[in-house]
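Sequence lines set the chain letters: A, B, ... in the order given, protein chains first and strands last, and positions in each chain run from 1.
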Protein chains: 2
Amino acid sequence: MFSVGIKDVANLAGVSVGTVSNVLNHPTRVNPATHERVSAAIAKLGFVRNAAASQLRAGLSRSVGLIVLDSANPFFAALARGAEDHAATAGVSVLVGNSGEDSAREETYLDLFEEQRVRGILLSPVGDITPRLERLRARGIATVLVDRHTRNSAFSSVAVDDVAGGRLAAAHLLSSGRKRIAFVGGPLHIRQVADRLEGARQALRNVGLPDPEILATRSMTLPAGQEIGRQLAARGPQDLPDAIFAANDMLGLGLMQGLLMNTGLRIPQDIALIGYDDIAFAESALVPMSSIRQHATELGRRAMELLLEESAAEGEYVHRQLISTPSLVVRASTSS
Amino acid sequence: MFSVGIKDVANLAGVSVGTVSNVLNHPTRVNPATHERVSAAIAKLGFVRNAAASQLRAGLSRSVGLIVLDSANPFFAALARGAEDHAATAGVSVLVGNSGEDSAREETYLDLFEEQRVRGILLSPVGDITPRLERLRARGIATVLVDRHTRNSAFSSVAVDDVAGGRLAAAHLLSSGRKRIAFVGGPLHIRQVADRLEGARQALRNVGLPDPEILATRSMTLPAGQEIGRQLAARGPQDLPDAIFAANDMLGLGLMQGLLMNTGLRIPQDIALIGYDDIAFAESALVPMSSIRQHATELGRRAMELLLEESAAEGEYVHRQLISTPSLVVRASTSS
DNA sequence: CAGCTCGGTTGAAACGATTCACTTCTCGGC
DNA sequence: GCCGAGAAGTGAATCGTTTCAACCGAGCTG
C-alpha cells in the first residue's frame, strides 16, 4: 500500500512541492507550461490528494454537514438535492446524516461533524439544542436551521410558510364557488397542521364565511384518511361539505379512496378535494389531486447559500430568516 | 477561534500529550485515576479531537462511504439504515452519497471518498466501473457491491434473489387455486423484471402449467399500471386471468385502481393481485395488497459486515457473494 | 545601467494527533 | 538488598499538505 504523495509528483515533474500545491489550489499562480507538466505527473502516478493532511494544514475542511429528520421523506430528499447542488457549485461536499427524529443520533452526527471541523451545518433539529449550537459557533462552525420558525434571530433559518399554504388552498376552493369547506388533519397541536388550518380560517374570514368544519385525525396517514372518507360518504348528501382541504396528501389520498369506493360520489362534481405537499402520488391518483407544493429543492439551495455565506463571513454576521411561500398545483380533483 | 488541542488538555491535567492520546485511543493502558483527571480536563476545556490530524497520523479514517442509486427509494433508505446501524456498533461512521443514477455524480463521490481515505465503500454502481474499483483496492480501499449479480468473484457483493421472489409470488397464487396467471411489468430487459418473470415461469412449469400471459409496460409506474388495469377491465370475464403478478408495487397499485374503478370487478374474488417490494402503500391500499418483501435493512447490515471484515483483513481476502431471499407478505388482495 | 516590479518558483516551518522507544516506579521473590 | 518484570507515563519524531517569506530573472523606467 504505497501512497504517492505530493513529493513524488514534484520529483517526477522536476518542480518543488510548493508548486505542485499551487497547481492544486491556486492554478492561476502557475505558468501554463509548468501546470501542464505537473498535471501529467499527477495523472501518471495516479496521485490523489490526502484530504486529512490538507484539512489539517488549511484549518478548514471542504465539507459541510446536513442532518435531516427523515431521509426517506421526499421533502427532505428534495431539500438535500438542492443543498448538494448549490454546494457543488462552490466546490464543497455535503455529508448527510439522518437523525430519524432521534436526538441521540442527532447528537452523534453533531459530534462527528465537529471532529471533522466542517465549515457549517444545515440542521432540521429534533429538539431545542440552542446551547449546543452556540458552542459550535464559538468553534467557528455556522449553523442554519431548517423548517423551524426561529423567532430567535441568533441563527439563520429557512422555513415554509404553512399559514400562507393553508390560505392558498382554501382560497382556491372558494374561488371555484365552494362554500362549505371542511378541514381534515391532526393532531391539531402539530405546528404544520395548526398553521395550515389557521391559513384556511383566514381565507374564509376574508370573504365573511365562518370557520371550517374540522375533522380531526390521530395521524396524517392513508388509513386515517380512509376512515374519515367512509364516515363522510355515510352522511346524507345535504350534510356533506362541498370541498375538503386535507392537511397532507396521504390523508387526501385516503379520503379519496374512502369517498369513492362503493358510493355514487364523484370528485370534483359532488365534492372537491385538495391536499398538501404535492407528493408524486397526488398526480397519479384515481382522480389527479390538487395540492400545495413546497419548493423543497429551492429551499435547500437557499439554505446552503446562507450557510456558505455565513461561514465565509468574517466577524459579525447578520443572520437571516427566510420564509418560503408554497404554491398551488391545480389538478382534476378541484377543477369542475 | 482558539482551538484547544491535546496539548492544552495535557497541561491542565498535568500529564504528557502521549497520555492524553492514550486516554482517547487505548483507555486500558492508563491508570483509572489518571484517566479520570484527563477526562475532567477534556470536559472542562470542551476539547474535541481533530479528525484530520488524527487520520493523517493514524493513516486510516474512521469512516466508510456509501453510494446509493436513489436515496428517495425506500429500498435504499432501509439499506442505508441497516448499514449505518452496523457501522455504529463498530464505531465507524458512514458518509452517504446519492448518485441518482448519474455516473458523473457517482464519480464525484468516489473521488471524495478516495481523498478522505475511507476504510471502504459500499456501492450500488450505475455502470460497470470495475477498473476504478481495482484502483481503489490497490490503494487499500475495499468495495462491496450492492444489488448486482457479480459473477466476477473479485469483489464481495450482496444482492436480492429476484428469481426466488418471482417463484414465491407465483407459487402463492397457484396455492390459492389460481390457474390463469398474468405477469405485468417492463421493460423486460431490466434485470429485476426479467428475473421476477423467470421465477414466475419456473413456478408454473413446476406444476405443469404453460408460461404466463405477459403484459409488458414501458415503465414501472402507477400510470402504467392504471393503463393495463383499464385494458383488462374492458375484456370479457372469460378472457380475464384469475390472478396477476405485478413486477412492483407501484404497478400493482395502479392496476388495482384501473381494475376497480367503475367496474363490477372484485379483488380477490374475481381476480387476485400480488405486487413486489412491499412499499408502505401496499398495506393501506383500497384492498390491502400482498407483496414480496426484500429485507433491505438486513441486507445493508450484512453488506457493512462484509465491508468492515474485508477492510480489516490483512493480505489475501476471500470475497463472498451474498444472496438474500425475499419473503412473502400475504394480505387481502390474494386471500380469498 | 542601477533600480524596480512582477510573475513564477522554492523549501522549510507549521498544522495537531499518534506512535514507540525509553524512562521511572513498584512490588515480589530469593 | 538485589534483580527482574510489568505497569504507567514521557516526549520527540512523524504523517502529507499548505503557506509564506525569500529568491530569481526578465523586462521596464528614468
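Within 3.5 Å, no donor on the side chain of Arg57(B) pairs with an acceptor on the base of dT19(C), nor the reverse.
Atom C1' of nucleotide dT17(D) and atom CD of Gln116(B) are separated by 14 Å, given to the nearest angstrom. Following rounding to the nearest Å, Asn11(A) (CG) and dG16(D) (P) show an atom-to-atom distance of 14 Å. Atoms NZ (Lys7(A)) and P (dA12(C)) sit 10 Å apart, rounded to a whole Å. If you take CD of Glu115(B) and C1' of dG16(D), they are 13 Å apart, rounded to a whole angstrom. Atom P of nucleotide dG16(C) and atom CG of Leu45(B) are separated by 15 Å, given to the nearest angstrom. Atom CG of Asn31(A) and atom P of dA26(D) are 14 Å apart (whole Å). As a whole-Å value, the separation of Asn22(A) CG from dT17(D) P is 14 Å. In this structure, Leu60(A) atom CG and dG16(C) atom P are separated by 13 Å, rounded to whole Å.
OP1 and OP2 of dT9(C) both lie 4.0 Å or more from every side-chain N or O belonging to Thr19(A). OP1 or OP2 of dT18(D) has at least one side-chain nitrogen or oxygen of Arg49(A) nearer than 4.0 Å. Of the side-chain N and O atoms in His26(A), none sit less than 4.0 angstrom from OP1 or OP2 of dT18(D). Remark: Ser16(B) is in phosphate contact with dT10(D), judged by side-chain N or O atoms under 4.0 Å from OP1 or OP2. Of the side-chain N and O atoms in Ser54(A), none sit less than 4.0 angstrom from OP1 or OP2 of dG16(D). Using a 4.0 Å cut-off, no side-chain N or O of Thr34(A) falls inside it from OP1 or OP2 of dG8(C). The phosphate of dT18(C) (OP1 or OP2) has a side-chain N or O of Ser21(B) nearer than 4.0 angstrom. Taking 4.0 angstrom as the limit, Asn50(B) places none of its side-chain polar atoms (N or O) nearer than this to OP1 or OP2 of dA17(C).
Ion pairing between Glu114(B) and Arg135(B) holds under the 4.0 Å rule for side-chain N and carboxylate O. Ion pairing between Glu84(B) and Arg81(B) fails under the 4.0 Å rule for side-chain N and carboxylate O.
Gly18(A) comes within 4.0 angstrom of a base, heavy atoms only.
Annotation: of the two residues near DNA chain C, Phe47(B) and Thr28(A), the 5′-most nearest-nucleotide partner is Thr28(A).
For Leu24(A), the side-chain atoms get nearest to dT18(D) when compared with the rest of dG9(D), dT18(C), dT18(D). Among the nucleotides dG16(C), dT18(D), dT10(C), the one closest to the side chain of Ile6(A) is dT18(D).
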